[in-house]
S.K.: 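There's a structure below that I have some questions on.
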Amino acid sequence: MSNVTYKYIRENKDIQTYISHADAALSTIGYTEHSAAHAEVSARTAHIILSSLNYPERVCELAQIAAYMHDIGNAVNRVDHAQSGAVMAFRLLDRMSMPAEEIALIISAIGNHDEKTARPVNPIAAAVILADKSDVRRSRVRPPVREELRGGGVTDDVHDRVNYACVRSNIDVSEDLSAVVLNLTIDEEISSIMEYFEIFLDRMVLCRKAAEALKIRFELIMNNSKVL
């Protein structure tokens, strides 16, 4: 077993730098927040999902590490960022002397998180997909758009509207361990539920496949109504 822990990864200055530069690059092209906040939310959710399903603690920690690092490839380019990130993660983790077996699981998860090319190839990849795609929240909308929306203004960017309209988001495994449930509260005066599906349908389909890979169901509840 490796001595490379999630705590070590989270505090690693090089990884922090890549996450920061990736987020800055996405900011210039109008994408929502992909900073350390998104990395930490994703890592926490990935760990919760696998630990709730009674996976070994080290597997849960590897999911944390993969989820924390999953977007570093955006420092290279948004296009194919999952594959770029996997290559970057390999170099970083190999230099830390992490065992090849663990590196393989992590880079497979990172390389398979973007909905255009993703597949839940292992439980860690499935957990990262679910964690990443479920992180919808208004704090991901960047200023000054956030202030504009807060003041009752409108924006043409549907991604900003949908994220800002999401006033509550929670994902967890059901008590009977039969489903992973994403529960959202959407302010429909800001964005409609239909708009959510217009931009996130591919992500929800991928979440369903990820849940199936974990041998459970994916359920989506919006405004207290079961949608999927």
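From a predicted model like this one, the values you see are computed outputs, not experimental measurements. We number each residue from 1, following the sequence as shown.
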S.K.: So does His159 get a backbone contact from the side chain of Asn163, meaning a donor-acceptor N/O pair under 3.5 Å?
M.R.: yes
S.K.: Could you check whether atom CZ of Arg119 has more than 12 heavy atoms from other residues, nucleotides or ligands sitting under 6.0 Å from it?
M.R.: no
S.K.: For Asp23, does its backbone N or O pair with a side-chain atom of Ser35 as donor and acceptor, under 3.5 Å?
M.R.: no
S.K.: Check for me, please, whether Ile129 and Val136 land in the same ILVMFWY cluster - side-chain distances under 4.5 Å, paths through other members count.
M.R.: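 No, no single cluster joins them.
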S.K.: Examine distances only and state if a side-chain atom of Thr45 and a backbone atom of Val41 form a donor-acceptor pair shorter than 3.5 Å.
M.R.: yes
S.K.: Which heavy atom of Ala63 sits nearest to which heavy atom of Leu50, and what is that distance?
M.R.: CB-CD1, 3.7 Å
S.K.: First locate atom SG of Cys207, then atom CG of Asp202, and finally report the distance between them rounded to the nearest 0.5 Å.
M.R.: 11.0 Å
S.K.: For the atom pair CG (Asp114) and CZ (Arg203), what is the distance rounded to the nearest 0.5 Å?
M.R.: 8.5 Å
S.K.: Atom CZ of residue position Phe200 - does it have more than 12 heavy atoms of other residues, nucleotides or ligands inside 6.0 Å?
M.R.: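 Enclosed: over 12 neighbouring heavy atoms sit under 6.0 Å from CZ of Phe200.
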S.K.: Would you give the length of the straight line joining atom NZ of Lys133 to atom CG of Leu182, rounded to the nearest 0.5 angstrom?
M.R.: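 So the NZ of Lys133 and the CG of Leu182 are separated by 13.0 Å.
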S.K.: I need the Leu105 CG to Ile124 CD1 distance, nearest 0.5 Å.
M.R.: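 Reported value, rounded in 0.5 Å steps: 4.5 Å.
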S.K.: So which atom in His70 and which in Val128 form the shortest heavy-atom distance, rounded to 0.1 Å?
M.R.: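 So the two residues come closest at CB-CG1, 4.2 Å.
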S.K.: Identify the residue among Val76, Asn77, Ile72, Val79 that makes a side-chain contact (heavy atoms from CB on, under 4.5 Å) with Ser84.
M.R.: Val76
S.K.: Determine yes or no for a side-chain-to-main-chain donor-acceptor pair under 3.5 angstrom, with Asp187 supplying the side chain and Ala165 the backbone.
M.R.: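 Side chain of Asp187 to backbone of Ala165, a donor-acceptor pair under 3.5 Å: no, none is there.
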S.K.: If I compare all heavy atoms of Val141 with all of Tyr164, which pair ends up nearest, and what's the gap?
M.R.: CG2-N, 3.7 Å
S.K.: Are the side chains of Val227 and Tyr196 in contact, using a 4.5 Å heavy-atom criterion?
M.R.: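 Tyr196 vs Val227: side chains apart.
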S.K.: Is any side-chain heavy atom of Gln83 closer than 4.5 Å to a side-chain heavy atom of Val87?
M.R.: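 Side-chain contact under 4.5 Å: no.
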S.K.: Could you walk me through whether Asp135 and Arg44 pass the salt bridge (charged side-chain N to carboxylate O under 4.0 Å, His left out) check?
M.R.: CA-CA 11 Å; Asp135 187 19; Arg44 180 169 62 251; over 6 Å; no
S.K.: Are Val121 and Ile106 linked, directly or through intermediate hydrophobic residues, by side-chain heavy-atom contacts shorter than 4.5 Å (ILVMFWY only)?
M.R.: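 In one cluster with Ile106: Val121, no.
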S.K.: Does any part of the side chain of Met69, heavy atoms only, come nearer than 4.5 Å to the side chain of Leu93, both counted from C-beta?
M.R.: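 Yes - at least one pair of side-chain heavy atoms lies under 4.5 Å apart.
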S.K.: I want to check something: taking the side chain as every heavy atom from C-beta on, are Tyr55 and Leu214 in contact at a cut-off of under 4.5 Å?
M.R.: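 Side-chain contact under 4.5 Å: yes.
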S.K.: Regarding Asp132 and His38, is there a side-chain donor-to-acceptor distance under 3.5 Å anywhere?
M.R.: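 Looking only at side-chain atoms, His38 and Asp132 do form a donor-acceptor pair, the distance falling under 3.5 Å.
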S.K.: When you measure from the side chain of Glu61 to the backbone N and O of Tyr6, does any donor-acceptor pair fall under 3.5 Å?
M.R.: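 Yes: the side chain of Glu61 pairs with the backbone of Tyr6.
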S.K.: Linking I/L/V/M/F/W/Y whenever their side-chain heavy atoms sit closer than 4.5 Å, directly or via other members, would Ile193 and Phe218 fall into one cluster?
M.R.: yes
S.K.: CZ of Arg138 to OG1 of Thr32: how many Å apart, nearest 0.5 Å?
M.R.: 14.5 Å
S.K.: Should we count CD of Glu189 as having more than 12 external heavy atoms under 6.0 Å?
M.R.: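 Counting other residues, nucleotides and ligands, CD of Glu189 stays at 12 neighbours or fewer.
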S.K.: Evaluate whether atom CZ of Arg10 has more than 12 neighbouring non-hydrogen atoms of other residues, nucleotides or ligands under 6.0 angstrom away.
M.R.: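 Atom CZ in Arg10 is not packed in, count stays at 12 or less.
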S.K.: Do Val173 and Ile48 come within less than 4.5 Å of each other through their side chains, counting heavy atoms only?
M.R.: no
S.K.: For the atom pair CG (Asp14) and CZ (Arg91), what is the distance rounded to the nearest 0.5 Å?
M.R.: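 Atom-to-atom, Asp14:CG and Arg91:CZ are 9.0 Å apart.
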S.K.: If we only count heavy atoms from C-beta on, is the Arg142 to Leu26 side-chain gap below 4.5 Å?
M.R.: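 Touching, per the 4.5 Å side-chain cut-off.
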S.K.: So do the side chains of His81 and His113 get within less than 4.5 Å of each other, counting heavy atoms only?
M.R.: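 Yes. Closest side-chain heavy atoms under 4.5 Å.
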S.K.: Measure across Asn74 and Ala25 and return the closest heavy-atom pair with its distance rounded to 0.1 Å.
M.R.: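 In terms of heavy atoms, the two residues are closest at O-CB, 3.9 Å.
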S.K.: Is the shortest distance from a Lys or Arg side-chain nitrogen in Arg208 or Glu212 to a carboxylate oxygen in the other one below 4.0 Å?
M.R.: yes
S.K.: Less than 4.5 Å apart, side chain to side chain, heavy atoms only: is that true for Phe197 and Met222?
M.R.: yes
S.K.: More than 12 non-hydrogen atoms from neighbouring residues, nucleotides or ligands closer than 6.0 Å to CD on Glu11, yes or no?
M.R.: yes
S.K.: Tell me the closest heavy-atom pair linking Thr117 and Asn112, and the distance in Å.
M.R.: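 Looking at all heavy atoms of both residues, the closest pair is O-OD1, 3.8 Å.
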